[in-house]
Amino acid sequence: MPELPEVETVARLVRPALVGRRLGAVTVGWERTLGGLAPAAFARAVAGARVAAVGRRAKWITLDLERAGVAAGHLCVHLRMTGRLEVAPRATAPGPWERLRIALDDGRVLRFIDPRKFGRVRFTRALATVLGTLGPEPLGDEFTPAGFHAALRARRRCLKPLLLDQAFLAGLGNIYVDEALHRARLHPLARSERIAQEAAAGLWREIRAVLAEAIEREGSSFDTFYRTPEGKPGSYQERFRVYGRTGQPCRTCATPIRYLTVGQRGTHVCPRCQPRRPKARA
DNA sequence: AGCTACTCCTGGTAGC
DNA sequence: TGCTACCAGGAGTAGC
């Protein structure tokens, strides 16, 4: 699923095609994509605005809009499971899954395609309305080992559901949580309040490392859905250490990867590298 | 506070 | 081959 690295990849690819463009007519293929705003109101808010910047916050892509040089709200795009955002020629056929189309002043169109309809393109006057509840950005300066350790200790939860909680830390999803926990040699069910300072620092480091490496490889494409807007698959899935590798040997110790369910999420662990109880030190 | 269950969706796949 | 049943999964919400 698109997580932070995939979203960052999409933002980087659409940015040059969008910045400076004026938005035009809006075609809505699936109303709920707009997140509750009526199509007519959405079209009024968007048409005629110019894209001043394209950013990313956690798994959201943000388009800052302006009119006559004055800030005029934001489009916030969440790809959820199967969403795609691309700039294409106007003649491109909508196809069965196009949920939103916005004309651009260069003759092209911005398309939001989403087979499973979970994705959202929300217009908001104030970014905080959409992004206000998000926790720290894992690759940002405000995410520090000491702060992370304190935050873990302040909660009493299993590590995996906590790391998936976007209010706690923003941007990780099922894949990169499993990968980061394996790299940090921590079990998904380990209790957050019992994580030692050293272990928290290790997890902090591995979260950032796995995200940075995945961005470098333009994300992961493990099924037929996710593609970069250029239509290329990412390549990070070749590097997965545990995700989707049930029964295959751990790349560290060759023990078969085990599959379990944690908080209704498919979860992959190496039982040897990620013991349920850490080995007592001699 | 934290946990579980449920909802939204449909393409892909396992099983027959 | 063709059909059906089930699953994945981010995030919001409800209920305990």
Side-chain angles (χ1 to χ4, degrees), chain A residues 1-11 28-37 56-62 76-85 94-100 112-122 124 128-138 150-181 188-195 207 211 214 219-227 233 237 240 242-247 257 259-268:
Chain A
M1 309 300 123
E3 302 178 26
L4 191 155
E6 291 76 29
V7 175
E8 175 65 24
T9 300
V10 173
V28 180
W30 181 253
E31 277 197 37
R32 300 173 81 158
T33 296
L34 306 182
L37 189 59
R56 179 193 59 75
R57 172 77 170 97
K59 301 176 198 172
W60 291 89
I61 297 165
T62 58
C76 299
V77 181
H78 200 304
L79 306 173
R80 288 283 182 97
M81 322 277 294
T82 56
R84 281 175 49 197
L85 191 68
W97 304 318
E98 184 180 284
R99 309 304 179 194
L100 181 68
F112 183 71
I113 301 135
D114 186 18
R116 290 188 196 169
K117 299 179 174 175
F118 282 177
R120 293 291 179 262
V121 181
R122 295 185 53 185
T124 181
T129 309
V130 176
L131 310 180
T133 58
L134 291 173
E137 188 71 25
L152 288 168
R153 298 287 297 255
R155 307 295 294 272
R156 315 187 76 223
R157 296 185 68 183
C158 297
L159 278 186
K160 175 157 178 175
L162 186 55
L163 293 174
L164 286 172
D165 183 343
Q166 302 297 297
F168 180 78
L169 182 63
L172 292 180
N174 205 40
I175 295 173
Y176 295 108
V177 164
D178 279 7
E179 292 296 311
L181 285 171
L189 292 172
R191 304 293 307 189
S192 65
E193 71 273 22
R194 297 179 60 175
I195 298 299
I207 287 170
L211 293 176
S220 311
S221 305
F222 57 91
D223 68 17
T224 52
F225 290 119
Y226 173 75
R227 290 291 181 275
Q237 68 280 3
F240 286 166
V242 287
Y243 188 85
R245 298 191 64 246
T246 305
I257 300 302
Y259 181 88
L260 59 152
T261 300
V262 176
Q264 284 85 242
R265 289 284 182 280
T267 300
H268 311 75

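In this text the structure is predicted, and so the values were computed from the model without any measurement. The sequence lines fix the lettering, A, B, ..., with proteins before strands; numbering per chain opens at 1.
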* To do: Could you check whether A:Arg120 gets within reach of a base, just the sugar-phosphate, or nothing at all, counting any heavy atom under 4.0 Å?
  => nothing

* Answer with yes or no whether A:Arg265 presents, from its side chain, a donor or acceptor under 3.5 Å of a partner atom in the base of C:dG10. => yes

* Asked: So does A:Arg191 have more than 12 non-hydrogen atoms from other groups sitting under 6.0 Å from CZ?
  -> yes

* With respect to the phosphate group of B:dC9, does any side-chain polar atom (N or O) of A:Trp97 fall under 4.0 Å of OP1 or OP2? -> no

* To do: Round to a whole Å and report the spacing from NZ of A:Lys160 to C1' of C:dG10.
  => 12 Å

* Asked: For A:Glu193 and B:dG2, what is the distance between atoms CD and C1' respectively, to the nearest whole Å?
  -> 11 Å

* To the nearest angstrom, how far is A:Met81 atom CE from B:dT10 atom P? -> 13 Å

* Verify the stacking flag for A:Phe118 against C:dG10: centroid separation must be under 5.5 angstrom and the ring planes must differ by under 30 degrees. => yes

* **Side-chain (A:Glu179) to main-chain (A:Phe240) donor-acceptor, under 3.5 angstrom** => no

* **Backbone of A:Arg155 reached by a side-chain donor or acceptor of A:Ser192 within 3.5 Å** => yes

* To do: Figure out the CZ/P separation between A:Arg99 and B:dC9, and round it to whole Å.
  => 10 Å

* Any A:Lys117 side-chain nitrogen or oxygen under 4.0 Å from OP1 or OP2 of B:dT10 -> yes

* To do: Calculate the interatomic distance between A:Leu163 atom CG and B:dG2 atom P; express it in whole Å.
  => 14 Å

* To do: By nearest nucleotide on DNA chain B, pick out whichever of A:Ala154 and A:Gln264 is the more 5' one.
  => A:Ala154

* Asked: Atom CD1 of A:Ile175 and atom C1' of C:dG9: how far apart are they, to the nearest Å?
  -> 10 Å

* Starting at CH2 of A:Trp30, measure out to CH2 of A:Trp97 and round the result to the nearest 0.5 Å. => 15.5 Å

* Kindly point out which of B:dC3, B:dG11, B:dC8 is positioned nearest to the side chain of A:Pro115? => B:dG11

* Asked: With respect to the phosphate group of B:dC3, does any side-chain polar atom (N or O) of A:Arg191 fall under 4.0 Å of OP1 or OP2?
  -> yes

* Asked: Does C:dA11 have OP1 or OP2 sitting under 4.0 Å from an N or O in the side chain of A:His78?
  -> yes

* For the side chain of A:Glu3, starting at C-beta, report the closest nucleotide among C:dG10, B:dC9, B:dG2. => C:dG10

* A:Arg57 side chain vs A:Lys59 backbone, donor-acceptor pair below 3.5 Å -> no

* **Any A:Tyr243 side-chain nitrogen or oxygen under 4.0 Å from OP1 or OP2 of C:dG9** => yes

* **Under 4.0 angstrom between A:Tyr259 side-chain N/O and C:dA8 OP1 or OP2** => yes

* Asked: Between A:Trp60 (CH2) and C:dG12 (C1'), how many Å, whole number?
  -> 11 Å

* Could you check whether A:Arg155 gets within reach of a base, just the sugar-phosphate, or nothing at all, counting any heavy atom under 4.0 Å? => sugar-phosphate

* Asked: If you take atom types as modelled and just measure distance, does the side chain of A:Arg157 reach the base of B:dA1 with a donor-acceptor pair under 3.5 Å?
  -> no

* Flag if over 12 foreign heavy atoms under 6.0 Å of CD, A:Glu193 -> yes

* Provide, to the nearest angstrom, the distance between the CG atom belonging to A:Leu164 and the P atom belonging to C:dG12. => 13 Å

